[in-house]
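Only one structure is covered here, and it is reproduced in the block below.
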Amino acid sequence: MNDTVKVERPAPASASTEQTPYSAWLQTDVLHSLQHPVSDHPGEHAWITSAQVSELYWMLIIKEIQFAQAQLRANDLTQAIRTLQRVVAHHEPLNATWRSIAWMTPTDLLSILSRVGPTYGKDTALQGWTYRHMVYLLGIKQAEHLQHFTPQPKRWDQLNKALAEPSLYDDVLSYLDRNGFGVPAAVLDRDFSVPYEPGKAVEKVWRDIYADQNGNLELQQLGETLADIAEGFSTWKYLHLMATRRTFGGRPAYFGTEGVAWLVPTMDEIPFPELWSARGFIGDPPAACPHMHK
Ligand code: HEM
């Protein structure tokens with residue numbers, strides 16, 4: 001009989017925690033308790049939310065890149081590409097966060113920022129450890145940024161470790177070396193904490209991968225996925241630069257120098273350098289054999 005059938009239902013969450021499965025899984029109560037405006041400006045909530053969403057995406061990208069590195073080390077190129085394609089996808093919503101604060105004029109920004117300093121002290125986004133960790137994983141290793149994390153020793157240790165460890169590009173190059181594309185030992189066994197020096201030998205590796213349009217298809221797909229990641233990252237920097245021009249103009253920023261002038265050179269910091277420089281040669285006919293004219 002039907003009334004003897006015992007239907008199993010999950011026990012209701014205890015009254016003290018006041019959770020539903022949805023709120024417990026997604027931690028919505030915690031999430032929505034994390035926005036604390038310091039000014040009276042009605043747009044500050046949008047600023048905080050937009051920055052927090054960026055923080056979440058940077059952490060997501062860090063985890064995905066670390067996962068892809070493990071897959072490359074296990075020689076699982078197919079799965080590594082799938083993981084890296086997710087990194088490409090994550091850049092879309094990350095870059096769209098700029099729309100959420102595009103309404104800001106200099107007056108809006110300053111009425112918010114003028115309250116941050118007196119409440120928390122002089123801040124700069126260079127104090128953000130997620131962005132820096134992601135940048136180190138992308139292979140842009142600038143040790144000088146560690147100085148901002150002395151008040152957070154655990155984060156300083158985390159970033160110092162990321163600085164000294166291979167970046168995604170280093171793992172890509174060792175994968176290529178293990179799979180028949182000779183990468184010089186000096187590139188593979190170097191001190192990873194110093195900035196990467198691009199060279200002709202690695203540029204030739206990319207040129208060889210792309211030499212035959214119908215060969216090395218999966219490696220070409222890897223190259224295109226990395227190019228998409230570099231584009232997504234550079235697009236974020238461009239949108240940030242334009243937002244700074246729009247709301248801040250030529251004002252001096254954290255270091256006392258003009259903020260825009262500080263940011264402009266960072267536009268040239270593009271990950272995976274030889275993947276880009278090789279494009280000046282991919283498709284060129286091979287150099288003519290000197291014996292041809294005899
Ligand atoms: C629209 C208003 C903004 C202005 C005027 C601005 C200005 C600046 C300036 C001048 C710098 C250079 C370092 C310094 O002097 O502090 C910088 C760096 C940075 N900002 Fe912003 N920023 C804005 C919004 C944001 C937002 C919303 C985020 C992210 C949520 C962000 C993240 C960063 C990061 C990650 C850096 C380091 C960039 C690098 O190392 O290449 N900024 N910003």
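Each ligand, and each atom within it, is numbered from 1 in the order the structure gives.
A tilted orientation is assigned to the rings of Tyr169 and Phe272, their planes being inclined by 30° to 60°. In this pair, Trp103 and His41 present their aromatic rings parallel. The plane angle is below 30°, not in the 30 to 60° band. Classified by interplanar angle (parallel below 30°, tilted 30° to 60°, perpendicular above 60°), the ring pair His145/His148 is parallel.
Hydrophobic clustering (ILVMFWY, side-chain heavy atoms < 4.5 Å, transitive): Trp25 and Tyr22 are in one cluster. The hydrophobic cluster containing Val194 does not contain Val187, counting ILVMFWY residues as joined when their side-chain heavy atoms lie under 4.5 angstrom apart, directly or transitively.
Residue pairs that meet the salt bridge (charged side-chain N to carboxylate O under 4.0 Å, His left out) test with at least one member in residues 135-145, sequence neighbours left out, do not exist here.
Contact residues for ligand 1 (protein heavy atom closer than 4.0 angstrom to any ligand atom): Trp47, Ala51, Ser54, Trp58, Trp98, Ile101, Met104, Leu109, Thr124, Ala125, Leu126, Tyr131, Arg132, Trp236, His240, Ala243, Thr244, Thr247, Phe248, Ala253, Tyr254, Gly259, Trp262, Leu263, Thr266.
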